[in-house]
Amino acid sequence: MLKRNYRLHELNESLIDKTVIINGWVDRVRNLGGIIFVWVRDRYGIVQVLFEPETPAYEIAKKLSGEYVVGIEGIVRERPKDAQNVDLASGNIEILAKKIEILAESKTPPIYTNRDEGSEDVRLKYRYLDLRRRTLQSNLIFRHKLVQKTREYLDSLDFLEIETPYLMKSTPEGARNFIVPSRIKRGTFYALPQSPQIFKQLLMIAGFDRYYQIARCFRDEDLRADRQPEFTQIDLEMSFVDQEDVQETVGNLVKYLFKSVLGKDIGDVPSMQYQTAMELYGSDKPDLRFEMKMENLTSKPFASKLDFLSPRDGEETKMIVVPKNDVLSRKDLDAYSESAKSSNLRLGWAKFHGTNFTGSVGKLLSGLTSDVKVGEDETVILCVGKKHEVSTFLGKARVEIANKIGIIPQNTFKALWINDFPMFEWNEEDKRFQAQHHPFTMPYLEDLESKPDDLSKIRAHSYDLVINGWEMGSGSVRIHTRELQERVFKLIGITEEEAKKRFGFFLEAFEYGAPPHAGFAIGVDRLVSVMVGVTSLRDVVAFPKTASGTDLMMDTPSEVSEDQLKELGIKLEDHRS
């Protein structure tokens, strides 16, 4: 075997006239009838190889095709000036082949490996070929560097990397668990962890005051572009700290990662209250790269003059102002009005020219220019309805419009903390309150005492990190006494008996001196996606699933044999109908 003594990124002008051996894949072949040019690539780079006629190597090169694996020995020489390629690191040189060995042949690939084209389903089916693409390799190399820098940073702060189990007890809160049947104890099941939450709290009780883990997590929930059934997070926990300590540590980690891996200084990370974010942006993960904040007009005196856009009992009026642009058309704006109707909202719009408004509510706004702050050729969008629905609708419209008119700056990163989420949220399906974050989150004790009959008003010491409108991760101060933990369980409908059955070991651990502690988890897949500028997690995960949770390459999930089911004591119902 011709075994390489240089990787392709190491080839440069300093090696001119020297003999080298390279290994790699054939990227493309150009047979000019007398001379054959072959581009060879590995994960480090690409280089042009020249085969001259009437040589043994030339005869073998005539058999080459895309994706053949080769070993080539040759002499490095400078390319002619008019043939140099400034787009390649090796563009000033080429290799004059003397020997070639075909190490493996290849069928014609079902997808292109040297360009970003092709059906996503086919690319996922042949993921091992898709991963030869330069963009995917670059993303995964970036991810590797980010994880290594994370370890470097946390190690410098005396954090200990400790692994926690994948096989654990099923818990009732949060997303659905993936469950794993036990062969040894038939009829019983493990669960795959949604996060290492309980384990890392136990590590705090055990005295490891600074823990982290690059943790694999599993959630059986509906998928989308920014969600996978299995994912990775930078998971950490700290003892004898408060919320500000955790946010400072995580914020500095994120700034360090942007600077050391991407070369970007994102500055300080500001904080915003959950209620403020919902009021101004209609989202608990607002994108701060552009303005277009919502303004509440409900209490303004002129609001009552807006005819059908006037708020009724229990409703409010909000507006956003769209900057001057030539992209947003009357048809687009009317489409938002129709969409609002389907959500039981009323929406109107008007463009300001000179001293007048034109548009669906232009006449209503005429004469109100002193009340409605709007500039020349800007567009006002007003929406009326129930408070939450108005904020959510305008929040989504704000982002859609900003993308459409192109006002979101690229290659810019705005991070912020969202603090004080509601402790509980109403589960309409189960007709009960449940923990919005998780039931181990510390509630505001003053809210718990003053609003015991209205769980929707109780705040939690929980916080999210948001970057460019993406939730990067969540954290909270934890409950660390058995009494309070049992009280929270009771509020969300977990009986004393059920709590003992599911969390008895955890509650007992609180009785042996649990320190105050808090933590956070950053989604690695999402963080890498934002940093490299892709919208789908599938572009930063080596072997992802589809939106339906299917692995097209391995054809999973799949059936198992009757013998396996029998061994586990499992009998399947006929699911066909």
Side-chain angles (χ1 to χ4, degrees), residues 1-80 83-85 87-115 118 123 125-145 148 542-543 553-554:
M1 169 183 167
L2 286 174
K3 187 167 64 175
R4 68 185 178 186
N5 55 15
Y6 287 93
R7 291 171 291 178
L8 298 187
H9 70 299
E10 297 171 326
L11 302 177
N12 54 50
E13 290 92 334
S14 68
L15 297 173
I16 288 174
D17 295 330
K18 293 185 178 180
T19 298
V20 299
I21 301 174
I22 64 170
N23 293 139
W25 285 261
V26 172
D27 191 75
R28 64 195 69 177
V29 179
R30 288 188 300 149
N31 191 331
L32 303 183
I35 295 175
I36 298 175
F37 290 98
V38 177
W39 279 18
V40 178
R41 71 168 190 276
D42 61 10
R43 78 170 171 93
Y44 306 96
I46 193 167
V47 70
Q48 178 173 280
V49 182
L50 170 67
F51 294 86
E52 293 182 327
E54 300 179 1
T55 64
Y58 182 85
E59 295 304 314
I60 297 175
K62 289 195 293 186
K63 303 175 185 177
L64 295 179
S65 187
E67 304 311 313
Y68 273 44
V69 185
V70 295
I72 296 174
E73 180 180 313
I75 299 173
V76 177
R77 70 181 194 182
E78 185 177 13
R79 281 201 202 187
Q84 293 182 357
N85 188 338
D87 295 326
L88 291 179
S90 63
N92 292 338
I93 61 163
E94 61 188 5
I95 297 175
L96 178 62
K98 297 302 181 183
K99 296 180 183 177
I100 179 173
E101 183 179 355
I102 296 176
L103 302 176
E105 296 183 356
S106 172
K107 297 193 298 184
T108 300
I111 62 173
Y112 293 109
T113 59
N114 53 13
R115 66 185 83 166
R123 285 167 50 189
K125 180 176 175 61
Y126 296 95
R127 186 63 167 181
Y128 48 88
L129 295 178
D130 197 33
L131 286 170
R132 293 180 184 175
R133 291 191 298 121
R134 186 66 61 198
T135 50
L136 279 183
Q137 290 195 348
S138 175
N139 290 348
L140 292 180
I141 292 168
F142 184 96
R143 180 187 178 119
H144 160 78
K145 292 178 179 177
Q148 296 308 310
F543 297 101
M553 182 183 68
M554 300 190 74

Q) For Phe543, is the NZ or CZ atom of Arg127 found under 6.0 angstrom from the centre of its six-membered ring and inside 45 degrees of the ring axis? A) no
Q. Do the side chains of Tyr68 and Val38 get nearer than 4.5 Å, heavy atoms only?
A. no
Q. Is the shortest heavy-atom distance from the side chain of Arg132 to the side chain of Arg41 under 4.5 Å?
A. yes
**Q.** Donor-acceptor under 3.5 Å (Asn5 side chain, Ile21 main chain)
**A.** yes
Q) How would you list, by chain and number, every residue that makes a ring-ring contact (aromatic ring centres under 6.0 Å, His included) with Phe142, sequence neighbours excluded? A) none
Q) Does His9 have any ring-ring contact (aromatic ring centres under 6.0 Å, His included) partners at least two apart in sequence or in another chain, and if so, which? A) Tyr44
Q. Ignoring hydrogens and geometry, is there a side-chain-to-backbone donor-acceptor pair from Arg79 to Ile93 under 3.5 Å?
A. yes
Q) Would you say the side chain of Ile35 lies within less than 4.5 Å of the side chain of Phe51, judging by non-hydrogen atoms? A) no
Q) Heavy atoms, side chains only, cut-off 4.5 Å: are Ile22 and Val49 in contact? A) yes
Q: Answer whether the closest heavy-atom distance between the side chains of Arg4 and Asp42 falls below 4.5 Å.
A: yes
Q: Decide yes or no for Arg77 and Leu50: does some side-chain heavy atom of the first lie under 4.5 Å from some side-chain heavy atom of the second?
A: yes
Q. Hey, is the main chain of Leu2 close enough, under 3.5 Å, to the side chain of Asn23 for a donor-acceptor pair?
A. yes
Q. Heavy atoms, side chains only, cut-off 4.5 Å: are Gln48 and Leu88 in contact?
A. no
Q) Do Val40 and Ile95 come close enough that some side-chain heavy atom pair is under 4.5 Å? A) no
